[in-house]
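Everything numeric in this text was worked out from a predicted model, so none of it was measured. Residues: numbered from 1 along the sequence shown.
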Amino acid sequence: MLDINASMQRLAGEPFKALYPILKSAGLVNVLSIHELAGGLSNHNYKITTPTGSYVLRVNADAADSFCNRQQERFYWQQLAQAKLAPELLWVSEDERYYLSDFIESDYIESDDIENEVLIHWPALERQTSAADFVLGQSTFNYLQYPAAEQETHPNQAHCLLLALLLQLRDLPTGPYAISITEQWQEYHQQMLAYQASATFSEPVLRRAVPLKQGSDIGDSNTHDWNERVAKLLAIQIEIKHWCDELAACIIKPQFCHRDLNPHNLLLKNNRLCCIDFEYATASHPLCELAVVLATHALTPYQQSVLVKQYLSGHPYVTAQAVTAVPAAIDMYWVFACYWALLMAAQTEPSRSADYLAWFDCFWPLITPK
């Protein structure tokens, strides 16, 4: 999750001295400045300026390795770059810890309020929306049908830009990787239980996990807090299974899914959206893409309705009943966010683990009340 424009400028100097050998390995020698880019919840990102251009250096977090097959991530990144839907990936370090890519300066979206002529930075469209909020908003009109109010006002054309991106992503090759929503839930759940069984989380027990650094366990004071949040997820396993079953019932075939199209992972350039951050990209349920857009973007009920209707109209990979499973897909997005927060907390040093527990507390109320 990255806000690529909300950065704090610093001249390349002492704070970034450790980056110089890495940049040299990537072929960047004459570095004019380094900016730390804000907004990432796990990885660290830096804008690198040279006389010939600007780049992004991403430093992958150790904790994220348990979620991410780096080979798979790069496969989809390169596929989308070829489709002009992502910045070009220019260099990868031998240990897969560092990525260098093109820097894209994101444009601003124009408000439809002509009197005010407001320009909006895309990450400013961020808003957390629960399935319950979505259903409540749609209750003003039947979202199973196209809204009759053709003159309905909306603040911008965000829904049109998002729809164009979703349709482009839908048509991409799925590649050799795939996971269903049920399989993803089961994988996260087993990882969580494995950490719970390890008590202080001092040993690497996750599949594909890297060894934790000395002294990087979650700590006794946070272990109790972590277990309390685990208990919350354990208490809604019946509901989660129901949402997974509902989604499984409406899929015909998996499609390519980015799976984290929140506003901080989207860049607007020349009136066209492109993506960054492919750690979760894979072939999966078509409603994954729709759900995250609805869950994380500030869209009016009208914009949501248009997006749902036009995305699902004639969709080749879901049944006609898929529209009724949209709330379940939104709930599962927030369920996965809660699992992510707990697993990141279990693998991060105590000073950061509390931050991830706070993210859990932010995501938890967005799951449909039990």
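When side chains are defined from C-beta on, M192 counts as touching L233, because their heavy atoms get closer than 4.5 Å. Looking only at side-chain heavy atoms (C-beta outward), Y55 and W91 stay at 4.5 Å or farther from each other. Considering only heavy atoms from C-beta on, L267 stays 4.5 Å or farther from W122 through its side chain. Side chains of L357 and L342 form a contact here, defined as non-hydrogen atoms less than 4.5 Å apart. A heavy-atom distance below 4.5 Å is found between the side chains of L23 and I34. Side-chain contact check for L37 versus Y46: every heavy-atom pair is 4.5 Å or farther apart. Residues K232 and C338 have side chains not in contact (no heavy-atom distance under 4.5 Å, counting atoms from C-beta outward). When side chains are defined from C-beta on, I276 does not count as touching S101, because their heavy atoms never get closer than 4.5 Å.
Residues V335 and I367 come closest through the heavy atom pair CG2-CD1, 3.9 Å. Scanning both residues, T319 and A249, for their nearest heavy atoms gives CG2-O, 4.4 Å. Minimum heavy-atom separation, P173 to F256: O-CB, 3.9 Å.
Of the possible polar contacts, one joining the S198 side chain to the Y195 backbone as a donor-acceptor pair under 3.5 Å is found. Under a 3.5 Å cut-off, the side chain of R127 and the backbone N or O of L299 do form a donor-acceptor pair. In this structure, N265 contributes its side chain and D277 its backbone to no donor-acceptor pair below 3.5 Å.
Contacts of F75 classified as side-chain contact (heavy atoms from CB on, under 4.5 Å), with partners at least two apart in sequence or in another chain: Q79, P176, Y177. In this view, K241 and D245 satisfy the salt bridge (charged side-chain N to carboxylate O under 4.0 Å, His left out) rule, not counting sequence neighbours. Shown here are the ring pair (Phe, Tyr, Trp, His ring centres under 6.0 Å) partners of F278, two or more places apart in sequence or in another chain: W77, H258. For the salt bridge (charged side-chain N to carboxylate O under 4.0 Å, His left out) test, residues two or more places apart in sequence or in another chain that qualify with R74 are E96. By the salt bridge (charged side-chain N to carboxylate O under 4.0 Å, His left out) test, K269 is found to be paired with D107, residues two or more places apart in sequence or in another chain being considered. In this view, S313 satisfies the side-chain contact (heavy atoms from CB on, under 4.5 Å) rule with no residue, not counting sequence neighbours. Residues meeting the side-chain contact (heavy atoms from CB on, under 4.5 Å) test with R170, sequence neighbours left out: L167, Q255, H315, P316, Y317. Remark: A83 pairs with L85, L172 by the side-chain contact (heavy atoms from CB on, under 4.5 Å) rule, at least two apart or across chains. A search for salt bridge (charged side-chain N to carboxylate O under 4.0 Å, His left out) contacts involving E228 returns nothing, not counting sequence neighbours.
When only modelled atom types and interatomic distance are considered, T52 and T50 share a side-chain donor-acceptor pair under 3.5 Å.
The stretch residues 278-302 participates, sequence neighbours left out, in these salt bridge (Lys or Arg N to Asp or Glu O under 4.0 Å) pairs: R58-E279, R70-E279. Within the structure, salt bridge (Lys or Arg N to Asp or Glu O under 4.0 Å) contacts touching residues 318-339 (residues at least two apart or in different chains) do not occur.
The CD atom of Q168 sits 9.0 Å away from the SG atom of C275 when rounded to the nearest 0.5 Å.
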Validation: residues 158-166 side-chain donor-acceptor distances under 3.5 Å, sequence neighbours left out:
unit_1, atom_1, unit_2, atom_2, d
H159, ND1, Q303, NE2, 3.1

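Between Y339 and H189, the ring-plane angle classifies as perpendicular under the 30° and 60° cut-offs. Classification of the H121-Y108 ring pair by plane angle, with boundaries at 30° and 60°, yields tilted.
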Dump the intermediate steps for side-chain contact (heavy atoms from CB on, under 4.5 Å) on L119 and E110, then the final yes or no. CA-CA 5 Å; L119 296 177; E110 294 184 9; 3.6 Å; yes

Is there a side-chain contact (heavy atoms from CB on, under 4.5 Å) between Y333 and L294? Walk through the geometry before answering. CA-CA 10 Å; Y333 174 76; L294 294 171; over 6 Å; no

